[in-house]
Amino acid sequence: MGRSVIYSSWFVYRLAMRILYGGDYRARLRRVCELIGEQDGRVLELCFGDIGIAKHCRQRGLSWVGLDINEAFVAKAVRRGFEARQADLTAGDGLPACDVCVMMGSLYHFEPQLKELFARIKGASRRFVLSEPVRNWTHAGGLRRQLALLMTRVGGREESFRFTEESLTQTLERLKREVGFDYRVVSASRDLLVEVVWSS
């Protein structure tokens, strides 16, 4: 099977995310935006999907670049006047230089190659702000799990893996040693919000 229907358009994607996150969707975006300050002149967002971070950056005079594999999302952002590019992050290409890199709700897609991805982000940024779901429908079992897996398939491959708070924390501890960084957990709710600062 191919890409899930929620990735067919920006409108459908936003609607699906609101359903999956319930009333926490806007709060999730707000928590991430609070970690992007005036010192972050250049912001890079990976797998951006929505343009909430882009709007935040525009309002504060910050430069924003978004990378996403979905051509519909990129086209939508470009029509709104934002700098967005289509990119397959599994290809291993270099990333644009930035002050802070942001990723929301997409890390699980890269589970087989996290060390490589973190190393590339480290090479491009000073900080990495990560918001990753650790409590969601895929953990519920039954019909809700099957629906969530169906709704969040980006490519033609099945993706049954999802992080829990414990497994994400364990992964960060491993990557901390392998890649070299310090991190702090900013908040833990439906998403684990983490700020990563790279070591020299």
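As a basis for the values below, the full set of heavy atoms in this structure was taken, side chains included, without hydrogen atoms, waters or symmetry mates.
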I'd like to know if the side chain of [X] and the backbone of [Y] have a donor-acceptor N/O pair within less than 3.5 Å.
X	Y	result
Ser167	Phe163	no
Arg80	Lys55	no
Lys122	Gly180	yes
Arg120	Leu89	yes
Arg135	Asp191	no

Kindly indicate whether the side chain of [X], heavy atoms from C-beta on, has any atom under 4.5 Å from the side chain of [Y].
X	Y	result
Leu168	Thr164	no
Ser199	Val179	no
Arg174	Gln170	no
Lys76	Phe82	no
Leu193	Leu130	no
Gln86	Phe73	no

Which atom pair, heavy atoms only, marks the closest approach of [X] to [Y]?
X	Y	answer
Ala84	Val74	O-CG1, 3.6 Å
Leu107	Glu132	N-OE1, 2.9 Å
Gly49	Asp68	N-OD2, 3.1 Å
Cys33	Ile53	SG-CD1, 3.7 Å
Thr90	Asp88	OG1-OD1, 2.6 Å
Arg126	Trp198	O-CD1, 3.2 Å

Measure the [atom1]-[atom2] distance between [X] and [Y] for me, rounded to the nearest 0.5 Å.
X	Y	atom1	atom2	value
Asp50	Arg28	CG	CZ	9.0 Å
Met103	His109	CE	NE2	8.5 Å
Leu172	Arg184	CG	CZ	14.0 Å
Ser63	Arg58	OG	CZ	11.5 Å

(request) Please identify each residue that fulfils ring-ring contact (aromatic ring centres under 6.0 Å, His included) with Phe118, with sequence neighbours left out. (result) Phe128, Phe181

Shared hydrophobic cluster for [X] and [Y] (ILVMFWY, side-chain gaps under 4.5 Å):
X	Y	result
Val134	Val185	yes
Val197	Leu35	no
Leu114	Phe161	yes

(request) Name all pairs fulfilling the salt bridge (Lys or Arg N to Asp or Glu O under 4.0 Å) condition that reach into residues 104-113, sequence neighbours left out, sorted by first residue then second. (result) none

In a table with atom names and distances, give each donor-acceptor pair under 3.5 Å that connects a side chain of residues 36-47 to protein atoms at least two apart or in another chain.
{"unit_1": "Asp40", "atom_1": "OD1", "unit_2": "Arg127", "atom_2": "NH2", "d": "3.0"}
{"unit_1": "Asp40", "atom_1": "OD2", "unit_2": "Gly37", "atom_2": "N", "d": "2.9"}
{"unit_1": "Asp40", "atom_1": "OD2", "unit_2": "Arg127", "atom_2": "NH2", "d": "2.6"}
{"unit_1": "Glu45", "atom_1": "OE1", "unit_2": "Trp64", "atom_2": "NE1", "d": "3.1"}

(request) Output, in order, the C-alpha distance, side-chain angles, deciding distance and verdict of side-chain contact (heavy atoms from CB on, under 4.5 Å) for Ile121 and Leu95. (result) CA-CA 7 Å; Ile121 297 172; Leu95 300 174; 3.8 Å; yes

